[in-house]
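One structure is given below, encoded as structure tokens.
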Amino acid sequence: MKTVAVFALLNLASLLLVFGQGSDEENAVLQTERELATAYLRSDADAIARGVMEDYTLTNSMGKITTRSDDIDEAKKNNPKYEMFENHDMKVRVHGDTAVVIGQTHTKGISSGKPFDSEFQFTDTFIRDGGRWRLLAGHVSKLPTVR
């Protein structure tokens, strides 16, 4: 009886591990999201250019629409200068060659000489382009400061 109980528990544990992990596609999208966060943190214009589509747009927290060119220019100017650009609490849904990621981002740094420390809710839409995931559109909303 002990053997059956141990086998059942091991089987249940392995099922939980399998179902608790995302699919390969979900993991690939989240990896792309993490790589883009690192590119923005490092002001890496080349990595931003590779990671976002040519017709990419972002609706920022003030309702302004920015483009890939805007993001690349900011990276080249190193303004804003990020000390932190971290995504967390991310969830991804993949539908064929399209994926949507929702999550939160904590940014901290200096923009035009002024310090900032903000938390945002984001929705990013990725498409598979030439076998890799690239960001097509994003939308961010500033979250209230909780301290």
Notebook entry, point to check: With S141, which residues qualify under side-chain contact (heavy atoms from CB on, under 4.5 Å), at least two apart?
Noted result: H139
Check: Hey, any chance M90 and V29 share a hydrophobic cluster, counting ILVMFWY side chains that come within less than 4.5 Å of each other, even indirectly?
Finding: yes
Notebook entry, point to check: How long is the gap from CG on D124 to CG on L58, to the nearest 0.5 Å?
Noted result: 8.0 Å
Notebook entry, point to check: Closest heavy-atom contact between V52 and L36?
Noted result: CG1-CD2, 4.2 Å
Notebook entry, point to check: Same cluster for F120 and I48 if Ile/Leu/Val/Met/Phe/Trp/Tyr side chains link at under 4.5 Å?
Noted result: yes
Margin query: Which residues pass the side-chain contact (heavy atoms from CB on, under 4.5 Å) test with A45, not counting sequence neighbours?
Written below: I72, A75, K76
Item checked: Criterion side-chain contact (heavy atoms from CB on, under 4.5 Å) on L30 and W133, from CA distance to verdict -> CA-CA 10 Å; L30 291 174; W133 291 101; over 6 Å; no
Next item on the list: Could you note down all residue pairs passing salt bridge (charged side-chain N to carboxylate O under 4.0 Å, His left out) where residues 50-72 supplies at least one of them, sequence neighbours left out?
Entry: E54-R134
Notebook entry, point to check: For the residue pair F122 and Q104, what are the closest heavy atoms and their distance?
Noted result: CE2-N, 3.4 Å
Margin query: Can you pull out every salt bridge (charged side-chain N to carboxylate O under 4.0 Å, His left out) where at least one residue sits in residues 80-95? Sequence neighbours excluded, please.
Written below: none
Next item on the list: Check side-chain hydrogen bond (donor to acceptor under 3.5 Å, both in side chains) between T105 and all other residues, then give those that pass, not counting sequence neighbours.
Entry: N87
Item checked: Members sharing L143's hydrophobic cluster (side chains within less than 4.5 Å) -> none
Next item on the list: Would you check, one step at a time, whether the test side-chain contact (heavy atoms from CB on, under 4.5 Å) holds for V100 with T123?
Entry: CA-CA 7 Å; V100 175; T123 303; 3.8 Å; yes
Checklist line | Euclidean distance, I127 CD1 relative to T98 OG1, rounded to 0.5 Å | finding: 7.0 Å
Checklist line | With T32 via side-chain hydrogen bond (donor to acceptor under 3.5 Å, both in side chains) - residues at least two apart | finding: none
Next item on the list: Walk me through it: do F126 and V101 pass the test side-chain contact (heavy atoms from CB on, under 4.5 Å)?
Entry: CA-CA 8 Å; F126 289 85; V101 178; 3.9 Å; yes
Margin query: With rounding to the nearest 0.5 angstrom, report the OG to CG distance, S43 to L41.
Written below: 8.0 Å
Check: side-chain hydrogen bond (donor to acceptor under 3.5 Å, both in side chains) with H88: which residues, sequence neighbours excluded?
Finding: E119
Checklist line | Check: M53 and D129 side chains under 4.5 Å, non-hydrogen atoms | finding: yes
Check: Taking all non-hydrogen atoms of both residues, which atom of K142 and which atom of S118 are closest, and how far apart?
Finding: CE-OG, 3.5 Å
Item checked: ring-ring contact (aromatic ring centres under 6.0 Å, His included) partners for Y40, two or more places apart -> F85
Item checked: Residues which pass side-chain contact (heavy atoms from CB on, under 4.5 Å) with S111, listed by chain and number, not counting sequence neighbours -> N79, P80, F116
Next item on the list: Using the salt bridge (charged side-chain N to carboxylate O under 4.0 Å, His left out) rule, collect all pairs that involve residues 31-45, keeping only residues at least two apart or in two chains.
Entry: none
Next item on the list: Kindly indicate, with the supporting measurements, whether the criterion side-chain contact (heavy atoms from CB on, under 4.5 Å) is fulfilled by T66 and T57.
Entry: CA-CA 6 Å; T66 60; T57 56; over 6 Å; no
Item checked: Of all pairs that satisfy salt bridge (charged side-chain N to carboxylate O under 4.0 Å, His left out), the ones with a partner from residues 96-108, not counting sequence neighbours -> D97-R128
Next item on the list: Drop me the distance from T107's OG1 to Y82's OH, to the nearest 0.5 angstrom.
Entry: 6.0 Å
